[in-house]
Amino acid sequence: MKRKYPNLCKPITLGNVTFRNRMFSAPMGGTDITADCTIGPGSIAFYELRAKGGAASVTISECMVHPETDGSHAYHLDLHTPGSLSSFTYTADAITRHGAVASVELSHSGQYAGTYLTDKDKKQGLAQYGPVDGIRPDGLPVKALAKEQIADIVAAYGNVAALAKRAGFKMVMVHGGHGWLINQFLLPYFNKRTDEYGGSLENRVRLAREVLASVRAAVGPGFPIEFRMSGSKLFEGGYDLAEGVEIAKLLQDNIDLLHVSAGTYQRGFPVTHPSMFVPHGCNVHLAAEIKKHVNIPVATLGGLNDPAMTEEIIASGQDDVVEMARALLADHELPRKVTENRDEDIVKCLRCFTCMAERAATATRRCTVNPLIGREPEGSEVPRAPRPKKVLVAGGGPGGLQAAITAARRGHEVVLCESSDRLGGILKSEQAIPFKMEMYELGQTLGKLARDAGVEIRLNTPVTPEYAEAEGADTLIV
């Protein structure tokens with residue numbers, strides 16, 4: 001089969017593991033994290049959906065390696081909590097059985113412990129640890145980590161990596177970006193230490209080097225280690241791209257894939273998670289520049305959802321792997337559609353932040369354009385109806401189109417009527433606004449998917465009570 005996007009579809013080998021394509025599912029936090037910080041069944045199904053959709057790798061996020069100094073309510077992996085190791089094992093199984101490589105992100109929040117708590121008041125009772133004593137912007141005191149604590153944290157990274165390998169994961173990602181602990185040591189903005197962990201770049205990189213060495217010793221040679229770093233901090237007190245290059249060069253010895261992001265949660269959230277107001281691929285230049293100076297594969301991300309753009313990124317040698325998070329929420333089948341030359345069927349991410357806002361508000365996950373998100377345990381296949389009916393849908397906006405698609409996939413005879421001469425509803429008006437073009441495209445994509453599903457579409461046809469009565473449908477969806 002001649003593929004439209006051959007570089008995206010080309011396998012890549014990292015360490016001793018071969019990945020089926022260059023489209024990786026970047027870390028996304030689960031939702032039903034248990035009281036004991038194990039992976040709940042909803043999150044297992046959530047991660048499995050990315051693997052079903054054809055991603056080469058699916059990364060679980062975030063596993064906090066040292067709960068003693070990091071009280072974030074996120075995943076923990078240990079041998080003393082009932083269900084901890086088994087929940088990771090079942091998750092690795094769920095990902096692997098669909099041909100994807102299971103990975104887990106190893107992290108420590110540092111002085112921002114408790115970020116993932118739904119009850120934000122509980123942060124007041126947590127001890128916050130960072131490079132130095134201080135006060136967080138929200139008024140919480142921060143304690144400097146003692147060298148003995150640092151050594152314990154470094155060992156914990158290796159211990160948890162070994163458990164992840166035991167559970168069946170075939171790769172680990174060390175989170176060294178976005179303002180979490182390792183990144184706090186890299187940044188002069190946070191790191192004012194005067195010992196061997198502070199001051200010069202070589203000293204600020206020391207913790208990251210020790211962590212990577214600990215992980216490598218635990219998992220052994222050939223087991224892929226991905227390191228996530230911010231290519232540049234883009235604010236005063238951070239580091240620029242030139243220093244980002246030097247950091248990458250100092251760390252590359254124990255890394256199989258360098259994952260280059262940007263910014264921090266605290267000072268650069270709109271860059272770390274680009275909104276619709278920011279150009280697609282806004283962080284690609286960071287990874288492309290770093291790639292020129294290291295001898296390991298480099299991954300990029302940042303609002304990427306267009307196969308033509310990501311194909312060019314890899315084909316031009318800017319980067320080796322494309323990572324996507326929200327794009328694979330909007331359409332978990334994006335990688336499969338790319339490999340099958342069905343890119344016109346991709347439902348693109350709108351970069352609207354519904355997914356992130358919902359998680360912060362209710363500790364669940366939702367997506368504006370993918371109704372499966374948050375409902376994964378119910379199954380991703382649309383079941384056939386036991387008795388087909390005739391369904392009349394009034395309105396060709398996104399809601400009507402999605403209803404028609406689902407009804408048609410269930411085996412019903414579906415007629416969709418739209419009073420105007422085009423599908424898309426109110427989204428038609430977004431065609432004139434460049435940064436909202438994907439909203440307009442959503443209506444067009446859903447129209448194509450409806451026709452492909454067998455929906456009969458009647459334009460310039462308002463549905464009146466008389467029309468509905470004459471049509472004789474069993475069900476009317478307005």
Side-chain angles (χ1 to χ4, degrees), residues 4-5 8 53 270 273-282 284 301-313 322 324-338 341-358 366-373 393-409 414-463 477-478:
K4 186 174 179 181
Y5 303 107
L8 276 178
H273 302 86
S275 73
M276 66 175 69
F277 304 108
V278 179
H280 290 284
C282 59
V284 173
L301 78 168
L304 298 172
N305 64 6
D306 179 19
M309 172 183 278
T310 50
E311 170 73 11
E312 174 58 25
I313 288 169
V322 170
M324 295 171 278
R326 289 174 291 168
L328 300 187
L329 282 177
D331 194 338
H332 54 280
E333 291 190 330
L334 185 156
R336 174 165 292 119
K337 290 176 180 178
V338 168
N341 294 340
R342 295 192 295 121
D343 52 300
E344 292 180 354
D345 293 346
I346 293 172
V347 178
K348 291 182 178 178
C349 169
L350 306 182
R351 299 192 293 170
C352 66
F353 287 112
T354 292
C355 53
M356 304 193 75
E358 192 66 32
R366 292 288 186 267
C367 176
T368 298
V369 298
N370 189 345
L372 281 177
I373 303 304
V393 179
L401 286 165
Q402 187 66 60
I405 292 166
T406 303
R409 288 175 177 171
V414 184
V415 175
L416 181 145
C417 296
E418 165 57 39
S419 60
S420 73
D421 62 353
R422 288 186 297 160
L423 297 173
I426 197 172
L427 298 184
K428 294 194 295 284
S429 64
E430 311 298 1
Q431 184 176 11
I433 306 173
F435 62 83
K436 288 189 175 183
M437 179 56 69
E438 278 143 351
M439 290 187 177
Y440 168 75
E441 291 176 343
L442 174 63
Q444 310 314 302
T445 301
L446 292 178
K448 178 184 184 301
L449 294 176
R451 291 186 178 93
D452 292 347
V455 176
E456 180 186 344
I457 295 175
R458 301 174 184 173
L459 301 176
N460 300 305
T461 307
V463 176
I477 300 176
V478 180

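Here the structure is a predicted model, which means the values were calculated and not measured.
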Compare every heavy atom of [Y] with every heavy atom of [X], then report the nearest pair and how far apart it is.
X      : Y      : value
Lys448 : Asp452 : NZ-OD2, 2.7 Å
Ala450 : Leu401 : CB-CD2, 4.1 Å
Lys337 : Val347 : NZ-N, 4.4 Å
Pro274 : Gly302 : CG-C, 3.8 Å
Met276 : Phe435 : O-CB, 3.2 Å
Asn370 : Leu329 : ND2-O, 2.8 Å

Can you tell me how far apart [atom1] ([X]) and [atom2] ([Y]) are? Round to the nearest 0.5 Å.
X      : Y      : atom1 : atom2 : value
Thr368 : Arg351 : OG1   : CZ    : 13.5 Å
Arg342 : Leu334 : CZ    : CG    : 10.5 Å
Gln444 : Gln431 : CD    : CD    : 7.5 Å
Arg409 : Thr406 : CZ    : OG1   : 6.5 Å

Side chain proximity check, [X] to [Y], heavy atoms < 4.5 angstrom:
X      : Y      : result
Cys352 : Val369 : no
Glu430 : Ile433 : yes
Arg451 : Leu423 : yes
Leu449 : Asp345 : yes

Salt bridge (charged side-chain N to carboxylate O under 4.0 Å, His left out) contacts in which one or both residues fall within residues 414-426, not counting sequence neighbours: none
Derivation of the side-chain contact (heavy atoms from CB on, under 4.5 Å) call for Lys4 and Glu311: CA-CA 9 Å; Lys4 186 174 179 181; Glu311 170 73 11; over 6 Å; no
Quick one: side chains of residues 303-310, donor-acceptor pairs under 3.5 Å with protein atoms, not counting sequence neighbours, listed by atom name and distance.
unit_1 : atom_1 : unit_2 : atom_2 : d
Asn305 : ND2    : Cys349 : O      : 3.2
Asn305 : ND2    : Glu438 : OE2    : 3.3
Asp306 : OD1    : Ala308 : N      : 3.3
Thr310 : OG1    : Asp306 : O      : 3.2
Thr310 : OG1    : Pro307 : O      : 3.1

Leu459/Ile457 under side-chain contact (heavy atoms from CB on, under 4.5 Å): CA gap, chis, key distance, verdict: CA-CA 6 Å; Leu459 301 176; Ile457 295 175; 4.0 Å; yes
Quiz item: cation-pi between Arg326 and Phe353, 6.0 Å / 45°: yes
